[in-house]
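Worksheet: the structure to be examined is printed underneath.
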Amino acid sequence: LDLRFTGNSGDSADVTRTGASYNNDESIFKSRTTGQNPPGPFLSGTRARNAQRLAARGGAFAEPLYSITGVSGNSDNFLYSGVGGSTFRRTTSSNTGGFTVTDSFLDAAFLGAGVGELPFIWATIAD
């Protein structure tokens, strides 16, 4: 969702409602819980996953080196759900001027604390 939000008038705007998430038990492919080869950084297949973020692998969510049938390295086959960039984006000139607003585009609503439970945010893109 890309949003260009400028020159507005109206009643109110709520830009920080908690967004979509899912926590179905899928410990093998989506979370690579302990015991999988290669393992992921997650301990539960029912972890809350932010459905408004892309799947990713890297940084805190990078896979450790592993070896399967004599081939060592990092896998590009496993992207962890809900830990990548936000799919909700606003242009740099977007604002909530003209509305009564209690929150801003910069506020983040958190799913919870822990690895993989990242906040719902508005990413910023150039106009």
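Between T124 and R89 there is no side-chain heavy-atom pair separated by less than 4.5 Å. T46 has its side chain out of reach of N24: every pair of non-hydrogen atoms, C-beta onward, lies at least 4.5 Å apart. In this structure, Q52 and P119 have side chains that are not in contact, with every pair of non-hydrogen atoms separated by 4.5 Å or more.
The two residues R49 and S81 come nearest to each other via the heavy atoms CD-CB, 3.5 Å. Considering all non-hydrogen atoms of both residues, N50 and L118 come closest at ND2-O, 3.4 Å. Annotation for S31 and G45: closest pair OG-CA, 4.1 Å, computed over non-hydrogen atoms. Counting all heavy atoms, side chain and backbone alike, A48 lies closest to N23 at CA-CB, 4.2 Å.
With sequence neighbours excluded, the residues satisfying side-chain contact (heavy atoms from CB on, under 4.5 Å) with D127 are T91, T92, S93. Residues passing the side-chain contact (heavy atoms from CB on, under 4.5 Å) test with A56 are V83, sequence neighbours excluded. Residues that satisfy the salt bridge (charged side-chain N to carboxylate O under 4.0 Å, His left out) test with R4, not counting sequence neighbours, are absent from this structure.
Note that OG of S27 is 11.5 Å distant from CG of L43, once rounded to the nearest 0.5 Å.
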Using the rule given for side-chain contact (heavy atoms from CB on, under 4.5 Å), can you reason through R47 versus T33, listing the C-alpha separation, both sets of side-chain angles and the distance that settles it, and then say yes or no?
CA-CA 10 Å; R47 67 185 171 90; T33 57; over 6 Å; no

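Taking the six-membered ring wherever Trp is involved, the centroid distance between the rings of F88 and F120 does not fall below 6.0 Å.
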